[in-house]
Amino acid sequence: DAGITQSPRHKVTETGTPVTLRCHQTENHRYMYWYRQDPGHGLRLIHYSYGVKDTDKGEVSDGYSVSRSKTEDFLLTLESATSSQTSVYFCAISGTPDGTNEKLFFGSGTQLSVL
Amino acid sequence: AQSVTQPDIHITVSEGASLELRCNYSYGATPYLFWYVQSPGQGLQLLLKYFSGDTLVQGIKGFEAEFKRSQSSFNLRKPSVHWSDAAEYFCAVARGGYQKVTFGTGTKLQVIP
């Protein structure tokens, strides 16, 4: 499996507080993604990055921001968490150093609860 | 816009029986199609993918899927299910790369002895 580490694995926070989730990869893959998974919705793309400092919005980007200052790290920030952002968040990577982009590898997820 | 429909939310099969999970997609051109599996508390693992060529695709763990353009379908099959196959299965469609992947809502598979 690809080397993807998400931290924290679990987090409980209160409405209105800022939250940052971290995704760290050791594979030197070009693309990084943040998804959220909710029952009845499958996985939905929040934001993705196609290089250092290059990011774009996904399907459900409202209320989220991202940053990628290094190839290996992709941060997802909830500026002011709301209960609707309670979800499981997955980081994924694709785009190998040799230029192929045939597999999307997922991290193990972060369970976020906003009370 | 592309979309994916997995009509079965939950399926129960007996161990050793055959399995077919349905997936229908909506996309104007030839899509990239995927099946992923998710075990409880884990991330998603790619089972197989279709980009072009042979419409019958072989994957890991004995799974296969067939792309049928006329039916806009990409159903997942396995001839004999094992108890370890119990998991949630997601079909996904993309247009050229992973930047715009749309996932279905998933099908939970239960395997009974």
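This is a predicted model, so every value here is computed, not measured. The chains referred to below are lettered A, B, ... by the order of the sequence lines, with proteins before strands, and numbering in each begins at 1.
For A:Q111, no part lies near chain B; criterion is any non-hydrogen pair under 4.5 Å. Looking at B:Q6, there are no atoms closer than 4.5 Å to chain A (heavy atoms on both sides), in backbone or side chain. Proximity to chain B is limited to the side chain of A:R9, based on heavy atoms less than 4.5 angstrom apart.
The environment of CD in A:E14 is sparse: at most 12 heavy-atom neighbours from other residues, nucleotides or ligands sit within 6.0 Å. Residue B:I9 places its CD1 atom among 12 or fewer non-hydrogen atoms of other residues, nucleotides or ligands, all under 6.0 Å distant.
A:L115 and A:V88 fall into different hydrophobic clusters, where Ile, Leu, Val, Met, Phe, Trp and Tyr side chains are chained together by heavy-atom contacts under 4.5 Å. The hydrophobic cluster containing B:F51 also contains B:L46, counting ILVMFWY residues as joined when their side-chain heavy atoms lie under 4.5 angstrom apart, directly or transitively. Hydrophobic clustering, with ILVMFWY side chains joined whenever heavy atoms are under 4.5 angstrom apart, keeps A:M32 apart from A:L75.
Within the 4.5 Å cutoff, no side-chain heavy atoms of B:V101 are placed close to those of A:Y33. Residues A:L104 and B:Y36 are in side-chain contact: their nearest non-hydrogen atoms beyond the backbone lie under 4.5 Å apart.
Nearest heavy atoms, A:F90 versus B:Q38: CZ-NE2, 3.3 Å.
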